[in-house]
Enquirer: 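Attaching a single structure in structure tokens format; questions to follow.
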Amino acid sequence: MVSFNSSEFAKFKIIKSFNIEAATVIQVPRWVFRFSKRLLGFGMAAIYSLYIINKSGGLIYYKDYGSAGRMDTNDTLRVASLWHSMHAISQQLSPVSGCSGIELLQADTFDLHCFQSLTGTKFFAVCEPGTQQIESLLKFVYELYTDYVLKNPFYEIEMPIRCELFDIILTQSVQKDRVALLGQ
Amino acid sequence: MAPVAPRSGDAIFANIERVNAELFTLTYGAIVRQLLTDLEEVEEVNKQLDQMGYNIGIRLIDEFLAKSNVSRCVDFRETADVIAKVGFKMFLGVTASVTNWDAEGTCCSIVLEDNPLVDFVELPDNYQGLYYCNILSGVIRGALDMVSMKAEVTWLRDALRGDDVFELQVKLLKQVPEEYPYKDDE
């Protein structure tokens, strides 16, 4: 494209500030633009990181969204298997039967939301304390996982996820979610 | 979070991306035909179709759960009902009925009156042993396997072999408990 008209240019600028790859520019919906001014004032991310662990507790996907406290690969693997065990123990601790494990862990500096599918795959997100709507985001991530990971014939079940399409779409939805949160 | 209400098969079917039915039927036909050419033995083809179905089922169950919002079923009766009413509708666009329950509630028949897989199919004499839709039984077996139910799925009636409908028998062999094998004394 040789020239930008003004709205396209504005869009481009927002994308730059989001630090998304240029390839995703066209897919960002128009309403993102409406929140842009408010958004540029906020530097902090709502979601710090996202994990997917398989039914045996192995980390199959990790994505970091926050800047602070970035962890190396070994740390993330440890967190994943630790969470898997804690989740299992919490089910045993429950005084009533049929407990499906911890759904939300609240700490003073972060919240951890966990969603476990009936097939045993766990999705959990570490985010700012008090962040809303993470349950529905995790549910949505589950849908993306079924569409872009499980339907990829070259993805081997239970193995680490290396699917570019999933990455791209996930980045978009998390960004969108962040925008929606800040726009409230 | 308030639990989201389960969606009906029709509602999901309306919202999901669909492929042209004829393309689907013909593609499946091509697969079966190719398997017959490659494997030569009808029995082997049945086995292969079942295995392919199983591989599909273990992935498809997650999509089913994610998009239908169904929660854990209380018993196998509910499971069978959900498969027939929501599952078949969501993925094949047809509904099936559940009949012939045994006394224990572990074995039932899923009856398909309409089956898009066989729209243009006539089974020739030399392939009479072929279960043309064996992929479906594999899918159900694989899907149930992932939600910790070991099941056996067999065809009782097959419209391609002269019966009036398709009838799948689903027999629950055992329910694998999901709890971790904790044994405090070991």
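Proteins get letters first, then strands, A, B, ... in listed order; numbering begins at 1 in each.
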Enquirer: If you round to the nearest 0.5 Å, how far is OG1 of A:T119 from CZ of B:R59?
Expert: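 Those atoms lie 12.5 Å apart.
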Enquirer: Counting heavy atoms not belonging to B:E43, are there more than 12 under 6.0 Å from its CD?
Expert: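 No - once you tally the heavy atoms of other residues, nucleotides and ligands closer than 6.0 Å, there are 12 at most.
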Enquirer: Kindly compute the distance separating OH (A:Y142) from CD (B:E63), expressed to the nearest 0.5 Å.
Expert: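 Here the rounded value is 10.0 Å.
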Enquirer: As a test of understanding, state which of A:V149, A:L150, A:D147, A:L118 forms a side-chain contact (heavy atoms from CB on, under 4.5 Å) with B:D62.
Expert: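 Testing each of A:V149, A:L150, A:D147, A:L118 against B:D62, the sole residue satisfying side-chain contact (heavy atoms from CB on, under 4.5 Å) is A:L150.
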Enquirer: Is it true that atom NZ of B:K171 has more than 12 heavy atoms of other residues, nucleotides or ligands lying nearer than 6.0 Å?
Expert: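 Counting neighbours around NZ of B:K171, 12 or fewer heavy atoms of other residues, nucleotides or ligands fall under 6.0 Å, so no.
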Enquirer: Is it true that, when you exclude B:E113 itself, more than 12 heavy atoms of the residues, nucleotides or ligands shown sit nearer than 6.0 Å to its CD?
Expert: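 No, not enclosed.
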Enquirer: Using a cut-off of 6.0 Å, state whether more than 12 heavy atoms not belonging to B:F91 lie near its atom CZ.
Expert: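 Yes, because the 6.0 Å sphere around CZ of B:F91 holds more than 12 heavy atoms from other groups.
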Enquirer: Please flag which part of B:I58 lies under 4.5 Å from any non-hydrogen atom of chain A: side chain, backbone, both or neither.
Expert: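 It is both, since atoms from each part get that close.
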